[in-house]
Amino acid sequence: MGPMTNREVLRRIAREARPYYPRLALSTLLGVISGVLPLSYAFAFGLLNGQVINGKHDLHLLYVAIGVLFASLTIFNLGSYAQQYLSAWSGQHLVKQLRIRLFERVLNLSLPEFDRWRPGELISRFNSDLQMMIDAASISLPQFIQSTVTFVSSLVAMAVLDWLLTLSIVVVAPIVSLAVSRFQHLISTSTQRSQQRIADIFSNLTEILNGQRIVKAFARESFEVRRFQYRNDDYFGAYMKLTQFVLTQPLVISTIMAIAIVAIIWLSVREVIVGRLNPTTVSAYYMLIVTLVNPMNRLAAFVGDMSKAIVGAGRIYEVLDLPVEERTPAHAHPLAAPRGRITFESVSFWYRPQDDPALRDVNVTIEAGEIIALVGPSGAGKTTLVNLVPRFYVPQQGRVLLDGSDLAQTTLDSLRAAIAIVPQDPQLFRGSIADNIRYGRLEASDDEVRAAAREANAEEFALGFPDGYATEVGERGVRLSGGERQRIAIARAILRDPRILILDEATSALDSHSEALIEQALDRLLPGRTTLIIAHRLSTIRRAHRILFIESGRVVEVGTHDELLARNGAYAALHARQFAAS
């Protein structure tokens, strides 16, 4: 599906705004009142100039004119305040709902779809794209309503006073319309380019913040600063081109209007000289010109703001329209009490159609409660195979069964409720040690959290901190060691009490004390659960009931450690290279 047109984006925004129509209607009414009031300034000043200063010197008319001006200004200010508040409330509330939906959509994307996006591109949707919508809804829309009413009412009043003078403005209307249309296209295109450049900056920033240790380890600070500066310069150039178009548009329109106004002044003075117009009418007419020009410039600026907001909304809808994981397929059924027997039936999988298959015709059955070690060279397909079990990915060919039920016909929530994952690099969230363990089961009591920590040998270090379980772990758990993070991940899995456990062992070397504690924790966690371990330690491989040796996407050997060594095949060769010294 191609990008949405501006009309489609506006249609969707209009549908989104339906709950706010009553408030927006009241806001519009206030905008109409505030927009018409400036006409009274013109007639009041015309009265002052024609009847009080240059005419009868009638003080009564002076007080009438001053009273009208004061009342109009007061009502205008109160109406503008109320209108802008209502518009801002409606716009901010609409954007607040969009922000929640955007966050929910990103969280529910399938992994293949999520992997296509750089984090910075998604962050820019939450940041600059939503901000452009907020600016348009909170600032530009109220001004647009007022300016439109003021412009139209001023034009009508000018036509009533003298249609011949007003004709010179009407003549330039098609030229103004053409200029606005052309600039709208330029602003939309430039906004797209500018938003892509800011997404590049956010992507670069998140990448460097996450890889700070690597940057320092290789002393690449200067290199990264230069690369960031290059992207920053790109954004600066794109944004200034956009700014140039946004600022040039009202300048061009003002110039066109200036020509029309000069023609009006020439005609009006000529008409006064020949006696067709009187000075009072001309004074009022000149004031109407002033009230016309200001909203004309605002309207031009509004077109630019709306063009940017439509681009931002289109980019947000682009994410909102992405496909999410199918949590409840047609005819799906929840898992009642899974035992944990997993069967791969002729499973083949590839990430992209043009790529070689990551898995090729895999046929394996894993019995309930069996501990399976997945062994093989890097890129062989071990991670891909285990990612099919929680349905992070769906095989293009074949089926994955749990207790005889096709996972494709199982509700996603019930499937994942039966699974716990301990990743190679345990992902912790900002919060306390207790918060991160409780992530495994949110309703768990404090006693259950502590019990899980004891089982995982995490209590040892948790109570060593002054704040105990309330100790903050920092962003991504940076305040803890690798072994401590892994024990928290194991405690989180113990608290979940899953039927199926997926463990990707850390390849980083741990100190002997941490490794021994983790081994003890796994001895408590693994028994009785169907366990798939992407194994890197010889102790884990020996603990497994069976080993699946995977190479080039195929399961080439199956057996125990001793059986595969005796076979003297691919596993034995890998063992000789990697584990002979262990």
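- Between the CG atom of Asp129 and the OG1 atom of Thr191 there is a distance of 10.0 Å, given to the nearest 0.5 Å.
- The two atoms that bring Phe349 and Pro395 nearest to each other are CD1-CA, 3.9 Å, heavy atoms only.
- Between the side chain of Arg391 and the main chain of Arg416, no donor-acceptor pair closer than 3.5 Å is present.
- Contact record, Ser203 with Gly120: OG-CA, 3.2 Å, taken as the closest heavy-atom pair.
- With sequence neighbours excluded, the residues satisfying ring pair (Phe, Tyr, Trp, His ring centres under 6.0 Å) with Phe429 are Tyr439.
- Of all the heavy atoms in Arg485 and Leu480, the pair that sits closest is NH1-O, 2.8 Å.
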Evaluate side-chain contact (heavy atoms from CB on, under 4.5 Å) for Gln229 paired with Phe236, printing each intermediate quantity in order. CA-CA 10 Å; Gln229 185 175 5; Phe236 175 79; over 6 Å; no

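- For Gln196 against Glu121, the heavy-atom pair with the smallest separation is NE2-OE2, 3.6 Å.
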What donor-acceptor contacts under 3.5 angstrom involve side-chain atoms of residues 25-36, with partners at least two apart or in another chain?
{"from": "Ser27", "atom 1": "OG", "to": "Gln83", "atom 2": "O", "distance (Å)": "3.2"}
{"from": "Ser27", "atom 1": "OG", "to": "Ser87", "atom 2": "OG", "distance (Å)": "2.6"}
{"from": "Thr28", "atom 1": "OG1", "to": "Leu24", "atom 2": "O", "distance (Å)": "2.7"}
{"from": "Ser34", "atom 1": "OG", "to": "Leu30", "atom 2": "O", "distance (Å)": "3.0"}
{"from": "Ser34", "atom 1": "OG", "to": "Ser80", "atom 2": "N", "distance (Å)": "3.4"}

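- Counting heavy atoms from C-beta on, the side chains of Met306 and Leu10 come closer than 4.5 Å.
- The neighbour count for Tyr85 OH, taken as heavy atoms of other residues, nucleotides or ligands under 6.0 Å away, does not exceed 12.
- Looking at Lys382, its side chain does come within 3.5 Å of a backbone N or O of Pro377 through a donor-acceptor pair.
- The closest side-chain heavy-atom distance from Asp200 to Tyr230 is not below 4.5 Å.
- Within a 6.0 Å radius of CZ in Arg227, more than 12 heavy atoms belonging to other residues, nucleotides or ligands are found.
- Once rounded to the nearest 0.5 Å, the distance linking CD of Gln92 with CG of Leu94 reads 10.0 Å.
- Of all heavy-atom pairs spanning Gly440 and Arg492, the tightest one is N-CG, 3.4 Å.
- Residue-environment remark: CZ (Phe103) stays at or below the threshold of 12 foreign heavy atoms within 6.0 Å.
- Listed by first then second residue, pairs satisfying side chain to side chain donor-acceptor pair (under 3.5 Å) with a partner in residues 97-106 read Glu16-Arg101, not counting sequence neighbours.
- To the nearest 0.5 Å, the span separating CZ on Arg231 from CD1 on Ile201 amounts to 9.0 Å.
- Applying the ring pair (Phe, Tyr, Trp, His ring centres under 6.0 Å) test between Tyr393 and each of Phe114, Trp350, Tyr351 identifies Tyr351 as the sole match.
- Atom CG of Leu374 sits about 10.5 Å away from atom CG of Leu503, to the nearest 0.5 Å.
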Are Gln195 and Ser124 close enough, and set up right, to give a side-chain contact (heavy atoms from CB on, under 4.5 Å), and what steps lead you there? CA-CA 8 Å; Gln195 292 305 97; Ser124 71; 5.7 Å; no

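- Under a 3.5 Å cut-off, the side chain of Glu484 and the backbone N or O of Ser481 do form a donor-acceptor pair.
- The ring pair (Phe, Tyr, Trp, His ring centres under 6.0 Å) search around Trp117 returns none, not counting sequence neighbours.
- Residues that satisfy the ring pair (Phe, Tyr, Trp, His ring centres under 6.0 Å) test with Tyr239, not counting sequence neighbours, are Tyr235.
- Taken from CG in Leu205 to CD in Glu224, the straight-line distance is 11.0 Å, to the nearest 0.5 Å.
- Interatomic distance, Leu442 CG to Asp435 CG, rounded to the nearest 0.5 Å: 10.0 Å.
- Leu359 places a side-chain heavy atom less than 4.5 Å from the side chain of Leu388.
- Both tests hold for Arg12 against Tyr317: distance to the six-membered ring centre under 6.0 Å, angle to the ring axis within 45°.
- Between the side chain of Arg197 and the backbone N or O of Ala238 there is no donor-acceptor pair closer than 3.5 Å.
- The shortest non-hydrogen separation linking Pro390 to Ile419 is CA-CD1, 3.7 Å.
- The only member of Leu102, Ile316, Val319 that meets side-chain contact (heavy atoms from CB on, under 4.5 Å) when paired with Phe126 is Leu102.
- Asp413 pairs by the salt bridge (charged side-chain N to carboxylate O under 4.0 Å, His left out) definition with Arg327, not counting sequence neighbours.
- Taking the side chain as every heavy atom from C-beta outward, Glu472 and Phe465 never approach each other to under 4.5 Å.
- Counting heavy atoms from C-beta outward, Leu130 and Arg125 have side chains that stay 4.5 Å or more apart.
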Evaluation steps, side-chain contact (heavy atoms from CB on, under 4.5 Å), between Ile421 and Val386: CA-CA 10 Å; Ile421 297 175; Val386 299; over 6 Å; no

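- Side-chain contact between Lys308 and Leu242 is present, with heavy atoms from C-beta onward closer than 4.5 Å.
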